[in-house]
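A short worksheet on the structure shown next.
All figures in this text were calculated on a predicted structure; none of them were measured in a lab. So that the names make sense, note that chain A is the first sequence line, chain B the second, and so on, each numbered from 1.
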Amino acid sequence: MAVKLRRHRQSHRFHEMRLLGKEHGRKGGDVIINVTAMVDMMMVLVIFLVMNFNASGEMLFVSKDLRMPQAENGDEVTRVPIVSLNCARSSSDSSQCVRSQLYFEGVVLVPDLQANSDDPNPRIAELEEKLVEQRQKFELIAKREFENPEEDPTTTVNVQADKSIEFALLKRVLMTCEQAGFGRIRLAVGDARKLDAAPAAE
Amino acid sequence: MGGAAVEPTGKGGKKSLDANINLVPYIDMLMTIMTFLMMTAVWTQIAMLEVQNASGGAEAQPEEPDPNKPKPILVLAGKEQVIVQEEGAEQRPFPSTADGFDFNAINLELKRLKDARKDRNELKIQAEDGVKYEYLTKIIDLSTGNDMKQITLTPMGQ
């Protein structure tokens, strides 16, 4: 299908301005723009984006403050309840964790979680309550057997923690999950294999 | 791009053989695809490391000891050192340095223990309270890479 070049622009006012053309108005006001470079660039962008396309989508919301550790042998993410352990850092030393916040499905449960090493039962009551509630919801909606137990939202939980968190805090979360019936723990990590392929800012 | 040859009409060779192709729909389509892909792009790549019986809070199920079953690998993760051993056997300590732990050496030791018994799948990690999560995930990652399928993470002393 051929492109017809108009003799005159539709806008008479523009045409009367006589801005375009070598001799100010003696020639037509149309300008041919070379779009080859633009189309090439768009093709490259489309190919890049298609190669990076992930059909499973983004299942975990990662806060900008959360620095996840990297791992090379991780499995795929499954959609099960998410417990996050974030770390508020001091402005002077970004490696130091000042305050730890506990989230469940993106909602703050405990704004300042302490290690509480003296307590013989270090479980977190708020988290346990939410997990039990979540399991009851899933069981009400559809109680079924999962072929892959990693996808069972009544026994599996994703734990997403900052890499500078100490085990004393993580221990409380893990123990709470287990006491609530979520014995299968999946620790969220950055995928180092994909990171090597496409480096991203930490 | 943007040009195509047209068959000659047979009325002399004076007319140009070039034909213009309308690129507007093509560019529109590319723009639409680009917008869709940009909006659905996932920039953070996340994976999962699985641990079982994580807290050690649940009581262990009593089972009959099988003499042919390989003993599990035990990893004691402390702030000062990481100790790797076959349960009940000689300990191999890996002290902490300024840059953390020597994970290459730990990986070699795990590989050696795995190669000694290929059917060994069980690995127990016992961690001290002060150990950073980053180091624990690294140990779990190395263990998973060495084909250890049953990894447990418990507090030290349980």
Side-chain angles (χ1 to χ4, degrees), chain A residues 1-3 35-36 38-40 42-43 45-46 49-50 52-54 57-60 62 68-78 85 115 117 123 150 158 161-168 170-171 174-179 183-195 198 200, chain B residues 1-3 6 18-27 29-31 33-38 40-58 77 79 125 127-138 140-147 153-156 158:
Chain A
M1 188 180 187
V3 176
V35 291
T36 310
M38 189 182 80
V39 171
D40 288 351
M42 286 170 85
M43 278 301 293
L45 274 173
V46 166
L49 289 168
V50 166
N52 279 342
F53 184 70
N54 185 2
E58 196 168 11
M59 294 185 190
L60 294 184
V62 183
M68 282 195 298
Q70 301 295 320
E72 290 177 354
N73 301 294
D75 295 335
E76 278 188 13
V77 181
T78 50
L85 204 49
S117 56
R123 70 187 176 86
E150 292 162 5
N158 284 333
D162 193 281
K163 64 181 183 183
S164 58
I165 291 281
E166 290 186 351
F167 183 67
L170 187 73
K171 182 175 72 175
L174 300 185
M175 189 170 278
T176 308
C177 291
E178 201 170 317
Q179 286 191 353
R184 193 177 289 270
I185 312 286
R186 289 168 67 79
L187 303 171
V189 287
D191 198 336
R193 291 163 296 192
K194 290 176 183 171
L195 197 75
Chain B
M1 191 178 278
V6 175
D18 286 337
N20 290 316
I21 295 173
N22 189 3
L23 288 175
V24 175
Y26 180 64
I27 293 170
M29 185 196 69
L30 280 178
M31 281 298 288
I33 293 171
M34 265 178 60
T35 311
F36 168 75
L37 289 171
M38 292 280 273
T40 55
V42 178
W43 303 109
T44 47
Q45 304 289 350
I46 299 172
M48 289 289 170
L49 294 172
E50 189 167 323
V51 286
Q52 292 172 346
N53 196 15
S55 69
K79 281 181 84 171
I125 301 170
E128 272 182 6
D129 280 359
V131 180
K132 284 190 173 179
Y133 176 62
E134 183 181 13
Y135 298 146
L136 288 174
T137 51
K138 188 70 187 170
I140 297 168
D141 185 30
L142 295 177
S143 309
T144 311
N146 281 305
D147 204 21
L153 175 60
T154 58
M156 192 79 88
Q158 281 195 8

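Listed here is the closest heavy atom pair of A/Gly74 and B/Ala47: CA-CB, 3.8 Å. Of all non-hydrogen atoms in A/Phe167 and B/Leu136, the two that sit nearest each other are CD1-CD1, 3.3 Å. A/Pro69 and B/Glu134 get closest at one heavy-atom pair: CB-CA, 4.2 Å. Shown here for B/Tyr133 and A/Asp162, the closest heavy-atom pair between the two residues is CD2-O, 3.3 Å.
Using a 4.5 Å cut-off between heavy atoms, A/Val46 contacts chain B through both its backbone and its side chain. Heavy-atom distances place both the backbone and the side chain of B/Leu49 under 4.5 Å from chain A. For a residue to count as touching a neighbouring chain, one of its non-hydrogen atoms must lie under 4.5 Å from one of that chain's; by this rule B/Phe36 touches chain A with the side chain only.
Residues meeting the salt bridge (charged side-chain N to carboxylate O under 4.0 Å, His left out) test with B/Asp141, sequence neighbours left out: none. Annotation: side-chain contact (heavy atoms from CB on, under 4.5 Å) contacts of A/Glu166 (sequence neighbours excluded): none.
When side chains are defined from C-beta on, B/Tyr26 counts as touching A/Met43, because their heavy atoms get closer than 4.5 Å.
Of the inter-residue distances, the one linking B/Met48 atom CE with A/Asp191 atom CG reads 11.0 Å to the nearest 0.5 angstrom. Rounded to the nearest 0.5 Å, atoms CG (B/Leu23) and OG1 (A/Thr36) are 7.5 Å apart. We find the NZ-NZ distance between B/Lys132 and A/Lys163 to be 9.0 Å, quoted to the nearest 0.5 Å. Note that the CD1 atom of B/Ile46 and the CG atom of A/Asp75 stand 14.0 Å from one another [nearest 0.5 Å]. Separating the OG1 atom in B/Thr154 from the CG atom in A/Leu174 is a distance of 10.5 Å, to the nearest 0.5 Å.
Considering only heavy-atom pairs separated by less than 4.5 Å from chain A, the leading option among B/Ser143, B/Ala77, B/Gly145 is B/Gly145. For the options B/Thr144, B/Leu30, B/Val24, heavy-atom pairs under 4.5 Å to chain A are most numerous at B/Leu30.
For CE of B/Met31, the number of neighbouring non-hydrogen atoms (other residues, nucleotides, ligands) closer than 6.0 Å is 12 at most.
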